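One structure is given here, and the rest of the page talks about it.
For the numbers below, each heavy atom of this structure counts, side chains included, while hydrogens, waters and symmetry mates do not. Keep in mind the model is a prediction, meaning the values are calculated, not measured.
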Amino acid sequence: MRLYRTKLQEKLNEALKAVLPIIGIVLVLCFTVAPISPSILMAFLLGAVLLVVGMMFFTLGVELSMTPMGERVGTCMTQSKKLSVMVLLSFLLGIVITVSEPDLQVLAEQVPSIPNFVLIFSVAFGVGIFLVIALLRMLFSVPLSFMLLFFYGAVMVLAFFVPRDFLAVAFDAGGVTTGPMTVPFIMAMGVGIAAIRSDRHAADDSFGLVSLCSIGPILSVLMLGLIYHPESAEYIPEQIPDIKSSVELWGMFAEGFPKYMWEMAMSLLPVLVFFGVFQIIFKGMQKRTLIKIGIGLVYTYVGLFLFLTGVNVGFMPAGNYLGQVIASNPYRWIIVPIGMLIGYFIVLAEPAVYVLTKQVEDITSGAVPAKAMSLSLSIGVAVSLGLAMIRVLTGISILWFVIPGYCIALILSLAVPKIFTAIAFDSGGVASGPMTAAFLLPFAMGACVSVDGNIVTDAFGVVAMVAMTPLITIQVLGLAYKLHSGKAAPALYTAGMGAQEAFELLGDDEIIEL
């Protein structure tokens with residue numbers, strides 16, 4: 001128990017470091033350029049408390065449960081040495097874990113022209129297919145950059161045939177499906193598969209599953225756009241609540257608790273069933289380890305429903321209202337730097353970002369520090385929000401941003417070490433989680449309402465923008481290591497980069513010196 005208390009204290013400190021800057025920015029805005037009602041401010045602060053506590057429990061729960069579960073699944077699948085079994089299990093896992101993703105439920109509610117179950121299962125099918133493709137890539141050591149070039153090329157071609165009102169939603173789908181449920185399990189599964197391989201590229205290939213799984217939903221939703229007609233229905237944003245007393249404020253959260261407790265129970269149930277059946281078939285896990293996983297799942301469950309209650313009940317109204325107030329300012333352009341500032345800090349509050357940065361640091365033996373990863377993600381998301389706010393103010397099509405952005409990212413993938421490309425494309429999906437869906441998207445919607453814009457075409461797409469820019473900033477980080485950091489070579493070599501890659505990462509003089 002003492003170990004768990006120590007771990008909880010550690011996770012609490014991490015959560016406070018992530019969330020306090022956001023609270024500070026919102027408070028400064030509220031008392032200066034964007035005054036909001038005391039009731040919405042109180043809802044935001046109460047939501048922030050739940051967010052901190054939820055992150056504390058979630059990050060500990062993932063460490064104790066989701067990570068060992070994912071590694072176990074990946075290891076056993078590979079050890080079976082039966083390709084048909086691995087393909088079937090990967091496909092089923094992709095569907096199960098996507099249906100469990102809470103962010104996808106939120107997106108489905110916001111697309112009026114497609115029935116929820118059609119959208120959800122189409123996206124889940126896409127993730128299942130691409131998880132199989134990602135598995136085959138790892139098993140046969142296919143270069144990730146070639147696959148990314150091919151599939152993103154297909155996305156760009158298909159995008160020109162889809163109605164304009166559907167593009168932003170389609171690109172958003174790729175971001176929301178890689179959230180707090182999907183990322184820990186899939187990334188750990190990649191580590192488990194790589195652990196069986198003994199070649200020097202194994203560690204490189206342990207990343208890249210999330211990036212490929214982000215493409216499936218985009219293609220699935222674009223294809224749905226050819227069948228359904230999103231222009232036939234309009235999105236009506238939710239009304240900002242008018243809270244008259246502290247009792248009403250508590251009533252809002254009291255209604256949210258059972259709702260999100262039920263949602264997270266339904267989200268975790270398919271994963272539990274899948275792992276339970278998997279454990280019965282493959283066995284081998286010790287009783288003590290299973291008990292530890294059980295405790296971790298309880299922490300994960302408690303953390304996620306507290307987190308989602310705080311974000312959806314407290315943060316969403318505040319984000320929407322702030323967007324409206326700032327965009328109605330005579331100097332409405334100020335929303336661009338404000339959005340960039342919020343984006344810089346808010347990505348650190350994403351639960352899955354902690355999982356990614358820690359795993360990257362561990363797998364690369366410190367060659368890619370968690371701090372450097374966090375800084376690169378923050379810069380990327382800040383740029384994302386600046387571009388997203390420009391879209392809200394001007395109504396420019398999202399294609400003018402995503403096509404050049406992905407082209408730059410794909411060109412960079414040919415020049416940086418493979419491991420950085422895989423990490424970068426994983427980072428894009430990880431950065432666009434529940435904080436983006438529940439605070440930044442309402443923020444953009446509120447701004448769009450104030451400037452009389454089209455919410456479907458101009459506000460939607462924030463998630464897609466957040467998922468795109470880290471692809472560039474993380475690979476730029478890779479170039480920086482390649483050009484300037486001789487210290488990274490031993491660690492990257494240990495991580496599986498091998499002599500040839502180390503030679504490419506450094507110059508001749510540095511190799512001789514080492």
Side-chain angles (χ1 to χ4, degrees), residues 1-11 14 56-94 96-97 100 131 135 138-139 180-198 202-203 205-207 209-210 264-265 267-304 351-352 354-356 358-365 494-496:
M1 291 303 294
R2 180 179 296 178
L3 176 63
Y4 289 138
R5 284 198 297 270
T6 304
K7 282 283 187 181
L8 280 173
Q9 181 63 49
E10 178 187 326
K11 303 306 179 188
E14 291 172 356
M56 175 185 70
F57 282 114
F58 171 79
T59 51
L60 178 58
V62 164
E63 198 172 287
L64 295 175
S65 62
M66 301 297 281
T67 300
M69 285 167 63
E71 288 182 5
R72 175 69 178 166
V73 169
T75 301
C76 289
M77 281 171 49
T78 312
Q79 284 178 334
S80 70
K81 297 182 179 179
K82 295 180 180 178
L83 188 61
S84 58
V85 172
M86 288 187 276
V87 168
L88 178 62
L89 287 175
S90 296
F91 179 71
L92 292 176
L93 177 61
V96 165
I97 206 161
S100 302
L131 187 56
L135 172 72
M138 290 186 67
L139 294 177
M181 285 295 296
T182 311
V183 170
F185 203 97
I186 289 183
M187 287 198 66
M189 176 181 154
V191 173
I193 296 171
I196 298 298
R197 289 173 46 185
S198 57
D205 290 342
S206 67
F207 297 101
L209 269 74
V210 174
M264 289 320 305
S267 293
L268 278 172
L269 183 61
V271 179
L272 285 175
V273 171
F274 180 90
F275 185 73
V277 173
F278 190 90
Q279 178 63 19
I280 291 171
I281 296 173
F282 288 93
K283 297 182 174 60
M285 202 170 250
Q286 296 180 354
K287 183 178 179 181
R288 185 177 178 181
T289 306
L290 289 173
I291 292 172
K292 184 180 177 181
I293 288 175
I295 295 171
L297 285 171
V298 172
Y299 281 134
T300 302
Y301 171 69
V302 172
L304 273 178
Y354 164 80
V355 178
L356 176 73
K358 187 175 185 303
Q359 191 162 3
V360 168
E361 186 173 65
D362 291 344
I363 293 295
T364 61
S365 302
T494 302

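Counting all heavy atoms, side chain and backbone alike, L131 lies closest to S90 at CD2-O, 3.2 Å. Of all the heavy atoms in V73 and L93, the pair that sits closest is CG1-CD2, 4.4 Å. What you find for F278 and C76 is that their closest heavy atoms are CZ-CB, 3.4 Å. When all heavy atoms of K11 and M56 are compared, the closest pair comes out as CB-O, 3.5 Å. Of all the heavy atoms in V62 and P68, the pair that sits closest is O-CD, 4.2 Å.
Summarising the geometry, atom CD belonging to E10 is positioned 8.5 Å from atom OG1 belonging to T59; distances are rounded to the nearest 0.5 Å. Rounded to the nearest 0.5 Å, atoms CZ (F58) and CE (M264) are 8.5 Å apart. For the atom pair CG of L209 and CG of L135, the computed distance is 7.5 Å after rounding to the nearest 0.5 Å. Note that CE of M69 and CG of L64 are 12.5 Å apart. Values are rounded to the nearest 0.5 Å. Distance check: L268 CG to L304 CG gives 6.5 Å after rounding to the nearest 0.5 Å. In this structure, OG1 in T6 is found 10.5 Å from CG in L60, a value given to the nearest 0.5 Å.
Contact of the P270 side chain with the I97 side chain is not registered, since no non-hydrogen atoms from C-beta on lie closer than 4.5 Å.
Take F57 and apply the ring pair (Phe, Tyr, Trp, His ring centres under 6.0 Å) test, not counting sequence neighbours, and it matches Y299. Applying the side-chain hydrogen bond (donor to acceptor under 3.5 Å, both in side chains) rule to Q9 yields the partners N13; only residues at least two apart in sequence or on another chain are considered.
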